[in-house]
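Because only heavy atoms are used, hydrogens play no part in the values below, and waters and symmetry mates are left out as well, while side chains stay in. Predicted model, so just to flag it, every value in this text is computed and none were measured.
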Amino acid sequence: MMISTSSFLTIKFPSSLQTTSKYPPRYLPQFTVFASSTPPISMATAGAGESTSRTSTTIQSAVPNSSITLLFVEMGVGYDQHGQDVTKAAMKACRDAISSNSIPAFRRGSIPGVSFDRMKIQIKLGVPQSLQSSLDIEKVKSVFPYGKIENVEVVDGGLICSSGVHVEEMGDKDDNCYIVNAAVYVGY
């Protein structure tokens with residue numbers, strides 16, 4: 001993997017925002033932009049002593065990418081609080097993302113020249129770094145009933161937290177709950 005030199009922008013927001021009217025509120029943020037050649041530290045992706053690198057075994061290319069004409073993005077959250085199975089959490093996140101959508105445009109030919117068999121899907125999963133190697137991508141892909149899955153990207157994300165209970169009868173190894181976030185990009 002080759003890393004190129006990049007510039008990073010850091011935006012610093014002030015502690016207060018100005019409003020132009022009381023109802024409805026309109027915020028005009030005043031902020032300062034700093035440029036540097038080193039990346040800022042992100043509390044969302046790195047903890048103390050935790051690496052922010054991606055696992056090269058599960059990333060095929062950045063999602064979303066230009067191989068599809070993007071129509072919409074679906075997002076979901078999944079968790080496994082018993083059994084500590086990150087794949088189950090990822091599958092639930094993907095089901096959550098697609099569970100309340102209907103896509104008649106592909107079946108009805110609403111998009112000129114685009115038929116149902118041309119649907120393409122790209123998936124981005126936020127998974128705790130320490131669990132990424134145990135994620136079964138093929139099982140996650142099985143959640144999608146139709147559409148060609150172009151690629152899956154796994155990035156540092158999600159959460160490991162206590163479920164508050166350790167129930168051995170339910171397969172628990174400890175009281176950890178695994179949480180995964182999913183973004184599903186659909187297009188043609």
Side-chain angles (χ1 to χ4, degrees), residues 42-45 47 52 54-55 57-188:
S42 172
M43 293 179 68
T45 59
T52 59
R54 300 179 188 180
T55 56
T57 56
T58 54
I59 294 177
Q60 297 172 10
S61 66
V63 171
N65 65 38
S66 61
S67 71
I68 68 171
T69 300
L70 186 62
L71 294 176
F72 53 92
V73 181
E74 303 163 312
M75 290 154 277
V77 177
Y79 57 90
D80 185 34
Q81 66 185 30
H82 296 292
Q84 293 72 44
D85 185 336
V86 73
T87 300
K88 284 184 183 177
M91 292 170 73
K92 286 180 180 180
C94 289
R95 278 190 202 102
D96 182 44
I98 66 171
S99 65
S100 59
N101 293 296
S102 176
I103 312 172
F106 284 100
R107 289 218 187 255
R108 294 186 180 162
S110 300
I111 305 167
V114 177
S115 60
F116 186 70
D117 60 340
R118 290 194 50 207
M119 179 191 288
K120 295 179 182 178
I121 300 170
Q122 295 182 7
I123 306 162
K124 187 170 192 171
L125 299 171
V127 178
Q129 185 193 30
S130 62
L131 303 174
Q132 291 177 6
S133 62
S134 61
L135 182 66
D136 185 337
I137 298 291
E138 293 307 310
K139 281 187 179 179
V140 174
K141 288 179 178 181
S142 73
V143 167
F144 298 89
Y146 43 81
K148 179 184 178 204
I149 298 176
E150 294 277 301
N151 53 18
V152 176
E153 180 181 13
V154 177
V155 297
D156 294 348
L159 183 67
I160 301 173
C161 63
S162 172
S163 67
V165 66
H166 178 171
V167 184
E168 289 182 30
E169 300 83 40
M170 296 184 77
D172 283 351
K173 302 168 197 126
D174 50 41
D175 71 342
N176 282 339
C177 174
Y178 296 166
I179 302 173
V180 172
N181 301 99
V184 178
Y185 302 87
V186 179
Y188 61 92

Is there a side-chain contact between V77 and N181 (heavy atoms, below 4.5 Å)? yes
Kindly compute the distance separating CD1 (I121) from CD (E150), expressed to the nearest 0.5 Å. 9.5 Å
Side chain to side chain donor-acceptor pair (under 3.5 Å) partners of E74, counting only residues at least two apart: N101
What distance separates Q81 CD from I179 CD1, expressed to the nearest 0.5 Å? 9.5 Å
Here the gap from S163 atom OG to D80 atom CG, rounded to the nearest 0.5 Å, amounts to 9.5 Å
How many angstroms lie between atom CD1 of I103 and atom CZ of R108, to the nearest 0.5 angstrom? 12.5 Å
Donor-acceptor contacts, no H, no angles, side chain residues 86-95, under 3.5 Å, sequence neighbours left out:
from: T87; atom 1: OG1; to: D136; atom 2: N; distance (Å): 2.9
from: K92; atom 1: NZ; to: Y79; atom 2: O; distance (Å): 3.2

Would you find more than 12 non-hydrogen atoms of other residues, nucleotides or ligands less than 6.0 Å from K173 atom NZ? yes
Are L125 and L135 side-chain neighbours, meaning at least one heavy-atom pair lies under 4.5 Å? yes
Is the closest side-chain heavy-atom distance between Y178 and V180 below 4.5 Å? no
Side chains of N65 and N151 in contact at under 4.5 Å (non-hydrogen atoms): yes
Reference residue Y188; test side chain to side chain contact (heavy atoms under 4.5 Å, CB included); the match among L70, I111, I68: I111
Rounded distance [0.5 Å steps], CE in M170 versus CD in Q84: 10.5 Å
One should read off an interatomic distance between I149 CD1 and Q122 CD, to the nearest 0.5 angstrom, of 11.0 Å
With heavy-atom distances below 4.5 Å as the criterion, would you say the side chains of V143 and I98 are in contact? yes
Indicate whether the side chain of H82 and that of D172 have a donor and an acceptor atom separated by less than 3.5 Å. yes
